[in-house]
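The model shown is predicted, which means the values in this text are computed figures rather than measured ones.
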Amino acid sequence: RAQQLGAKPQAQVRTRNALELLQNNRDQFRVYTAAYDMGEYVCRDLGFNVSVVSHNTAGETSASDTEEAVQALLHQGIDILVFAGGDGTARNVFNAMMQCDEKMRVPVIGIPAGCKIHSAVYAVTPQHAGELLSQIIRGRALSLQEALVMDIDEDAFRHDVVKARRYGYLNVPAENQYMQGMKEGGVTTE
């Protein structure tokens with residue numbers, strides 16, 4: 001709906017903003033990614049060592065493309081899952097992880113690129129995601145914490161009502177200076 005109203009997709013730009021901070025360490029890691037706009041183009045352009053593991057169609061992608069890509073990535077034995085998008089993408093990542101064996105579930109860092117971000121699985125900014133990833137690549141030890149995956153009711157939002165629903169939890173780095181806190185769609189009381 002946002003694109004119908006004139007919004008421009010930001011995932012490519014924001015992914016580039018995050019991953020540019022890894023270029024000095026690019027010989028220390030390998031990127032497993034989905035094809036085309038789902039990671040391949042940006043990662044190859046930045047000169048990373050890339051393996052494409054999921055071959056979606058070029059052009060507009062769907063929730064099922066994201067879920068298939070996540071499952072393919074998890075089967076590669078990745079150490080951390082990085083994705084760009086909004087709360088709908090976080091839900092897709094969560095759904096895909098819940099379909100896999102618990103041993104395959106890895107920490108995630110979301111690069112905020114959506115038009116709404118209520119989930120606490122995202123870095124504060126794309127640059128924060130890149131800085132945190134750079135530290136991880138250089139060997140920084142991580143503590144993990146569970147973070148909520150949330151999304152709002154789009155129809156209610158179009159009527160000026162913010163109702164967020166909890167979908168579940170994903171593990172994220174316990175790095176409050178880099179990762180977002182959860183946003184609530186209402187007032188909490190004791």
Determine, using the 4.5 Å side-chain heavy-atom cutoff (strictly less than), whether [X] and [Y] are members of one ILVMFWY cluster.
X	Y	answer
Ile111	Val124	no
Tyr167	Met98	yes
Val42	Leu21	no
Met38	Val106	no

Do [X] and [Y] come close enough that some side-chain heavy atom pair is under 4.5 Å?
X	Y	answer
Gln180	Ile117	yes
Val52	Arg44	yes
Ser143	Pro173	no
Leu81	Pro107	no
Val172	Gln145	yes
Asn17	Gln127	yes
Phe83	Val108	yes

Okay, side chain of [X], backbone of [Y]: is any donor-acceptor separation there less than 3.5 Å?
X	Y	answer
Gln12	Gln10	no
Gln23	Leu46	yes
His75	Gln71	yes
Arg105	Met97	yes
Asp87	His118	yes
Tyr178	Ala129	no
Glu146	Leu170	no
Thr15	Ala84	no

Query raised in the report: Which is it for Ile109 and Leu132 under the side-chain contact (heavy atoms from CB on, under 4.5 Å) test, yes or no, and what are the steps along the way?
Result: CA-CA 9 Å; Ile109 297 176; Leu132 181 54; 3.7 Å; yes
Requested in this report: List the steps and the verdict of side chain to side chain donor-acceptor pair (under 3.5 Å) for Thr89 and Asn92.
Outcome: CA-CA 5 Å; Thr89 306; Asn92 301 146; 4.8 Å; no
Report task. Just do the side-chain contact (heavy atoms from CB on, under 4.5 Å) check on Ile136 and Ile80 with the steps written out, would you? Result -> CA-CA 10 Å; Ile136 292 167; Ile80 192 162; 3.9 Å; yes
**Report entry** Heavy atoms of other groups near Gln177 CD, more than 12 under 6.0 Å
**Finding:** yes
**Report entry** side-chain contact (heavy atoms from CB on, under 4.5 Å) between Glu67 and Gln99, intermediate numbers included
**Finding:** CA-CA 9 Å; Glu67 291 180 18; Gln99 294 174 30; 3.8 Å; yes
Requested in this report: Step through it carefully: locate the ring centre of Phe29, locate the ring centre of Phe48, and say whether they are under 6.0 Å apart.
Outcome: yes
I need the [X] [atom1] to [Y] [atom2] distance, nearest 0.5 Å.
X	Y	atom1	atom2	value
Arg138	Leu133	CZ	CG	11.0 Å
Asn24	Ile137	CG	CD1	11.0 Å
Cys100	Asn95	SG	CG	11.5 Å

Report task. Check the pair Leu19 / Leu22 against side-chain contact (heavy atoms from CB on, under 4.5 Å), numbers first and verdict last. Result -> CA-CA 5 Å; Leu19 299 184; Leu22 307 179; 3.7 Å; yes
